[in-house]
Number of protein chains: 2
Amino acid sequence: MAKKRFTAEERYAQIVKVAMRLFSQKGFKGTTTREIAKEAGISEAIIFKHFAKKEDLYSAIIDMQCNDKQGQSFLMRRLEGKEGRDVFREIAAFLIQMHQEDPTFMKLLMFSALEGHKLSDIFIRTRAIETLDYLAKHIARLIKQGSFKKTDAYIAARAFMGMVLHYSMTQEIYGMKRFFRTPVTKVVNIFVDIFFEGMEAH
Amino acid sequence: MAKKRFTAEERYAQIVKVAMRLFSQKGFKGTTTREIAKEAGISEAIIFKHFAKKEDLYSAIIDMQCNDKQGQSFLMRRLEGKEGRDVFREIAAFLIQMHQEDPTFMKLLMFSALEGHKLSDIFIRTRAIETLDYLAKHIARLIKQGSFKKTDAYIAARAFMGMVLHYSMTQEIYGMKRFFRTPVTKVVNIFVDIFFEGMEAH
DNA sequence: ATATATAGTAAGCACTTACTCACCACAGGA
DNA sequence: TCCTGTGGTGAGTAAGTGCTTACTATATAT
């Protein structure tokens with residue numbers, strides 16, 4: 001029961017972490033500073049020692065998320081050596097699994113977009129476009145080498161990401177998982193097969 | 001400048017309309033009853049003459065949206081006589097165009113899902129599942145008659161809806177339309193072609 | 001015209017919100 | 001041992017918040 005005295009850095013990081021969790025659960029406007037303080041086990045006042053305004057917590061979250069390239073590079077490492085459908089399978093499985101295990105960031109991003117905060121904007125301008133670029137360039141390469149049909153690589157990339165991300169969103173946020181509980185690998189395989197071969201019988 | 005005296009019904013409908021617009025712009029928690037009153041040009045008290053609690057405005061919106069089958073039947077009528085890819089083209093174009101013209105309902109639904117209100121839940125349990133059923137059954141029919149490959153019709157339906165709805169969402173809510181402005185018909189054709197033929201060169 | 005029902009209001013209640021300020025506790029160098 | 005810097009708090013404040021009350025204005029039926 002020893003109440004440790006945190007250093008400023010530790011406390012700062014802890015507050016951001018708690019705030020992120022609560023914002024993703026109840027939105028920026030739906031979360032009170034009292035609540036953050038309570039969850040962090042401190043008084044409200046010390047939040048305002050670290051962050052001049054509640055809004056500043058959002059900026060701190062952005063910094064944290066955009067500097068944490070962990071997930072991104074983790075995926076890249078898993079893609080190494082993969083070819084053909086396996087590249088797409090890996091991406092889809094990674095995204096669906098990640099959001100299934102912890103939908104925090106997806107929710108935070110949605111709240112941010114709806115409430116008009118900068119987080120979603122910055123995320124879109126950097127990470128989202130980046131990922132889309134990566135996929136579109138991969139597709140463009142496959143088109144150039146003749147294994148994919150000629151079409152707009154960016155729209156194709158968005159089609160694929162759309163299947164995957166909308167599936168995650170409906171499962172985790174709209175609660176579709178109450179009605180549909182297909183194993184991830186099966187879903188992924190169907191998505192990738194549709195993306196490669198289409199539905200039409202040859 | 002004659003300030004007309006509304007009947008109870010007229011006023012009720014007007015308040016719901018204003019509330020829906022504001023909730024979709026700023027969320028339930030982000031909208032105050034004062035604001036609704038101001039926008040409707042009335043005093044706050046009369047909102048509470050019609051709705052006992054602020055929460056009841058949500059129920060009224062649900063009723064309005066779920067009883068307004070206009071859009072649904074409008075789409076069904078447009079689908080009559082269509083075959084093959086045109087069915088899917090029509091659905092995709094309808095959804096993308098609708099959300100482009102007025103993203104109000106999409107936003108409201110997202111807020112509702114995130115804030116944990118009943119609207120999204122009821123909508124999912126009725127309209128969303130209904131639409132998914134329609135599409136899945138259509139796909140199942142195509143599978144049975146041999147023009148589509150054998151696969152899980154519901155996952156396939158969600159793949160298609162995912163492409164379309166995630167595209168709308170990223171365009172209108174995450175602001176992707178600042179970066180990508182492809183004509184709707186082109187996007188729709190690419191999506192439907194991918195869904196039918198896939199990306200692989202034969 | 002008068003009565004009555006109902007649309008509508010001004011003002012405020014009890015409570016919550018983000019944010020502040022005067023103050024305390026204690027590790028560590030002098 | 002006494003300072004001093006820093007982590008931390010209790011008790012506020014002004015500006016909202018949902019919701020209520022006691023009241024007024026006006027359309028309609030008699």
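In what follows, chains carry the letters A, B, and so on, assigned in the order in which the sequence lines appear, proteins first and then strands, with residues in each chain numbered from 1. Everything quoted here is computed from the prediction, not taken from an experiment.
- Of all nucleotides listed (C:dG12, C:dA7, C:dA18), C:dG12 comes nearest to the side chain of B:E44.
- At the heavy-atom level, B:R11 lies under 4.0 Å from the strands shown only through sugar-phosphate atoms.
- When distances are taken from the side chain of A:K54 to each of C:dA7, C:dA18, D:dC19, the shortest belongs to C:dA18.
- In this structure, A:Q14 atom CD and D:dG7 atom P are separated by 14 Å, rounded to whole Å.
- Aromatic pair B:F196/B:F191: ring centres not closer than 6.0 Å.
- For a distance-only test at 3.5 Å, the side chain of A:K49 fails to qualify as a donor-acceptor partner of the base of D:dG7.
- A:Y58 pairs in a ring pair (Phe, Tyr, Trp, His ring centres under 6.0 Å) with only one of the listed residues (A:F23, A:F123, A:F111), which is A:F23.
- Per the geometry, CD1 belonging to A:I47 stands 11 Å off P belonging to D:dT9, to the nearest Å.
- With rounding to whole Å, B:K29 atom NZ is found 12 Å from C:dA18 atom P.
- Taking atom CD1 of A:I46 as the reference point, atom P of C:dC21 lies 17 Å away to the nearest angstrom.
- Between A:F160 and A:F88, the angle of the ring planes goes over 60°, which puts this pair in the perpendicular group of the 30/60° scheme.
- To the nearest 0.5 angstrom, B:T185 atom OG1 is 10.5 Å from B:R89 atom CZ.
- The 5' end of DNA chain C is approached more closely, in terms of each residue's nearest nucleotide, by B:E9 than by the other of B:A45 and B:E9.
- In this structure, B:K38 places its NZ atom 12 Å from P of D:dG16, rounding to the nearest Å.
- Of all nucleotides listed (D:dG18, C:dC19, D:dA25), D:dG18 comes nearest to the side chain of B:T33.
- Listed nucleotides D:dG18, C:dG8, C:dC19 differ in distance to B:R34; the shortest reach to its side chain belongs to D:dG18.
- Side-chain atoms of A:F48 lie closest to C:dT20 of the nucleotides C:dT20, D:dC19, D:dG8.
- Contact annotation: B:S43 side-chain N/O to C:dG8 OP1/OP2 distance is not under 4.0 Å.
- Regarding A:D56, its CG atom lies at a distance of 11 Å from the P atom of C:dT20, rounded to whole Å.
- Taking the six-membered ring for Trp and thresholds of 30 and 60 degrees, B:Y12 and B:H50 have ring planes more than 60 degrees apart, a perpendicular arrangement.
- Residue A:I42 is in sugar-phosphate contact alone, with no base atom involved, counting any heavy-atom pair closer than 4.0 Å across all strands shown.
- As a whole-Å value, the separation of B:I36 CD1 from D:dC19 C1' is 13 Å.
- The separation between B:F51 atom CZ and D:dT20 atom P is 15 Å, rounded to whole Å.
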